[in-house]
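Fair warning: this is a prediction, and the values are worked out from it, not measured in the lab.
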Amino acid sequence: MNTKNLFSSACLAGLSVLAVSCATDKGWSPSSTKVIVDQCGYLPAYPKVAFVTEAANNFAIINQKGDKVYEGKVATAQYYAEADQKFRRIDFSDLKETGVFQVVVDDTLASLPFPINHSVYTDILATSARAFYYNRSGMAIDSIYGGKWARPAGHPDTTVMVHWSAASKERPEGTVISSPRGWYDAGDYNKYIVNSGITTYTMLLACTQYAKVTEKVNLNIPESGNSIPDLVDETLYNLRWMLTMQDPNDGGVYHKLTTLNFEAFIMPDQCKQQRYVVAKGTAATLDFAAVMAYAARHIGQFGQENELAPLADSCRQAAISAYEWAIKNPGVAFRNPKDVSTGEYGDGTFNDEWFWASSEMYLMTGDEKYTSMSSCNATNKISTPNWGDVATLGYYSLALDGKDNVKEEAVKAIVDFADELVSLDKTSPIALSMQTYEWGSNSTVANTGVAKLIAYKLTGNKEYFNSALDDLHYLLGRNPLNRSFITGVGVYPPMDIHHRQSGADGIVDPVPGFLCGGPNTVVPTDCDPIVPRSQFPALAYSDVLCSYSTNEVAINWNAPLVFLLWGVENL
């Protein structure tokens with residue numbers, strides 16, 4: 001194989017762009033190569049691993065001139081049952097040279113070109129966070145900020161009706177309230193408190209734990225240039241909406257703001273269905289209390305001359321009122337009313353919400369009355385968090401902001417959990433801590449990365465950081481499907497995401513920066529007619545609009561991606 005000619009191959013068009021940013025090149029197909037790399041590249045001082053799926057013995061790393069800069073042996077094959085395939089590790093971690101390179105295996109197979117430099121992920125910091133801006137409810141996306149994805153405003157939500165399931169003496173059925181702002185939740189145009197809870201907390205956590213990065217990254221949003229960092233401003237757009245979802249008469253929180261049925265795949269401004277706030281619930285109210293208590297403690301550090309102090313005080317009062325409502329209503333499980341068919345986010349087990357909310361209330365007030373519900377124990381087991389299992393968020397706050405025994409217990413739990421994740425990573429044929437491909441598997445990968453980065457922050461042990469990088473590598477192309485899972489990022493990104501704006505705007509490229517749900521076999525028949533999908537979970541993914549189980553996007557999936565990228569950039 002003539003290595004001098006590799007960089008002129010037709011399937012590698014766009015190399016000059018790839019050398020400076022993680023850009024897309026639609027001329028390439030994942031079947032073009034059996035050598036799998038992170039399509040955005042690698043950091044010079046950290047582990048660099050690729051995989052090859054063919055039998056192989058030797059590998060070389062070549063530069064743009066075709067010169068070999070590194071050589072090594074391909075590792076023994078490991079079988080990965082989730083993909084029914086053997087993977088062979090290619091480790092070139094000792095290569096510290098910067099530039100653009102390719103992996104060449106046995107002089108017969110070549111990878112995509114990829115950069116090694118200190119800023120390989122810098123460009124996608126803003127891209128991943130700006131996805132939230134594109135999903136703003138009640139705001140026109142101006143071309144100054146949104147480029148070709150500009151659109152008119154939809155869903156001002158200033159005339160929202162109280163649904164019969166949410167009616168009270170003070171707010172009977174049909175009462176009109178105002179509940180503007182917020183992010184569209186996912187591929188649909190509704191807004192849900194439960195999912196906003198974990199999302200907003202994760203975003204605020206990124207803002208506070210990586211404040212230096214937060215202060216320097218310009219997202220090019222309407223608020224850019226004011227005294228508040230852009231990522232904080234973006235997060236506050238949703239936080240302020242959440243505040244409007246609390247009934248001021250009793251402190252309870254409405255579960256969601258929604259139409260009775262999902263809108264068609266039309267643009268936001270074309271949607272005409274009436275919007276409602278639907279039933280209060282214990283999970284939503286406790287999630288709300290937790291987020292507000294965290295915000296009350298932290299948002300005051302941003303901006304000038306305490307400009308966010310009034311908002312922080314509002315958050316504090318809202319948290320107290322919500323928690324008091326939950327005490328009076330400790331077991332109100334939400335289920336969709338008979339005339340509502342939009343996303344349910346139903347959850348009938350509240351131990352995790354009580355633990356998270358009580359932990360945040362304790363940290364906000366210092367009041368010992370919250371400690372009985374915020375003790376670290378087997379009932380509140382730490383695990384990879386998701387919207388329905390939020391106990392781990394309480395561990396994060398206790399470990400980062402707690403004191404004495406409370407802090408020590410939480411730190412130990414997180415470190416033990418991170419050790420388990422790293423052990424799984426080390427024994428995995430594809431360097432992945434995730435064992436089961438559930439719905440939203442990519443979010444699981446991102447959230448395991450969050451746990452490892454927090455363990456790294458608590459201990460300084462770079463083993464956790466390196467393993468978190470493995471999670472990022474997976475999302476950016478070093479996976480059995482050999483593709484990026486983030487729109488507009490990588491050489492082979494998702495193109496037909498389940499996202500109403502992207503499906504209706506007439507633009508070929510989807511809205512950029514969204515992490516799609518990822519492979520799983522939970523709902524293999526989500527398209528009608530059925531789109532064939534692999535029986536093997538790691539390969540069971542369809543890049544088609546109808547595949548809501550693998551190709552939908554959601555705010556709670558993007559938030560851990562933002563945290564992961566912010567944490568890597570922070571180093």
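- For the pair N220/N218, a side-chain contact is recorded, criterion being any heavy-atom separation below 4.5 Å from C-beta on.
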Determine all donor-acceptor pairs shorter than 3.5 Å in which one atom belongs to a side chain in residues 406-418; sequence neighbours excluded.
residue, atom, partner, partner atom, Å
K407, NZ, A399, O, 2.4
K412, NZ, D416, OD2, 2.7

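- Side chains of K452 and S433: a donor-acceptor N/O pair is present below 3.5 angstrom, by distance only.
- Checked by atom type, the side-chain pair W241/S179 shows a donor-acceptor distance below 3.5 Å.
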field: S178 and D157: CA distance, side-chain angles, deciding distance, side chain to side chain contact (heavy atoms under 4.5 Å, CB included) verdict
entry: CA-CA 6 Å; S178 182; D157 289 336; over 6 Å; no

- request: List the steps and the verdict of side chain to side chain contact (heavy atoms under 4.5 Å, CB included) for E170 and T175.
  value: CA-CA 9 Å; E170 296 82 3; T175 300; over 6 Å; no

Cut-off 3.5 Å, no hydrogens considered: what does the side-chain donor-acceptor table look like for residues 510-519, sequence neighbours left out?
none

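- In this structure, the ring of Y201 has its center no less than 6.0 angstrom from the ring center of Y396.
- Residues F563 and Y210 place their aromatic rings such that the two centres sit under 6.0 Å apart.
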task: May I have the step-by-step check of salt bridge (Lys or Arg N to Asp or Glu O under 4.0 Å) for D188 and R500, ending in yes or no?
output: CA-CA 6 Å; D188 64 297; R500 277 164 173 74; 5.5 Å; no

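- Between M364 and I320, the closest side-chain pair of non-hydrogen atoms falls below 4.5 Å.
- Side-chain contact check for F288 versus L243: some heavy-atom pair is nearer than 4.5 Å.
- Side chains of D401 and R297 form a contact here, defined as non-hydrogen atoms less than 4.5 Å apart.
- Checked by atom type and distance alone, the side chain of D287 never pairs as donor or acceptor with a backbone atom of T282 at under 3.5 Å.
- Within a 6.0 Å radius of CD in Q274, more than 12 heavy atoms belonging to other residues, nucleotides or ligands are found.
- Relative ring orientation between F485 and Y541 is described as perpendicular, the plane-to-plane angle rising above 60° on a 0-90° scale split at 30° and 60°.
- For the 3.5 Å distance criterion, the side chains of N520 and S441 fail to qualify, holding no donor opposite an acceptor.
- With hydrogens and angles left out, the side-chain atoms of T384 and N447 include no donor and acceptor closer than 3.5 Å.
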Can you give the donor-acceptor pairs under 3.5 Å from side chains of residues 321-335 to other protein atoms, not counting sequence neighbours?
residue, atom, partner, partner atom, Å
S321, OG, Q317, O, 3.1
Y323, OH, S358, OG, 2.7
N329, ND2, W325, O, 2.9

field: side chain to side chain contact (heavy atoms under 4.5 Å, CB included) assessment of W164 paired with D339
entry: CA-CA 10 Å; W164 61 261; D339 59 341; 3.2 Å; yes

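- For F262 and Y189, the ring centers are positioned 6.0 Å apart or more.
- Side-chain contact check for N380 and N351: no donor-acceptor pair (N or O, by modelled atom type) lies under 3.5 Å.
- R136 forms a cation-pi arrangement with Y237, by the criterion of a distance under 6.0 Å to the ring centre and an angle within 45° of the ring axis.
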task: List the steps and the verdict of side chain to side chain contact (heavy atoms under 4.5 Å, CB included) for N249 and R171.
output: CA-CA 9 Å; N249 299 292; R171 286 183 168 183; 4.1 Å; yes

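- Ring pair Y456/Y464: centre-to-centre distance not below 6.0 Å.
- Between H163 and Y254, the distance separating the two ring centers is not shorter than 6.0 angstrom.
- Ring geometry for H498 against F265 counts as perpendicular: the plane angle is over 60°, on a 0 to 90° scale with 30° as the lower cut.
- N556 and T199 share no side-chain donor-acceptor pair at under 3.5 Å.
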- request: Apply ring pair (Phe, Tyr, Trp, His ring centres under 6.0 Å) to the pair H155 and Y184, showing each step before the final yes or no.
  value: CA-CA 10 Å; H155 306 101; Y184 295 133; 5.3 Å; yes

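- Using modelled atom types, one finds no donor on one side chain facing an acceptor on the other under 3.5 Å when comparing W387 with D347.
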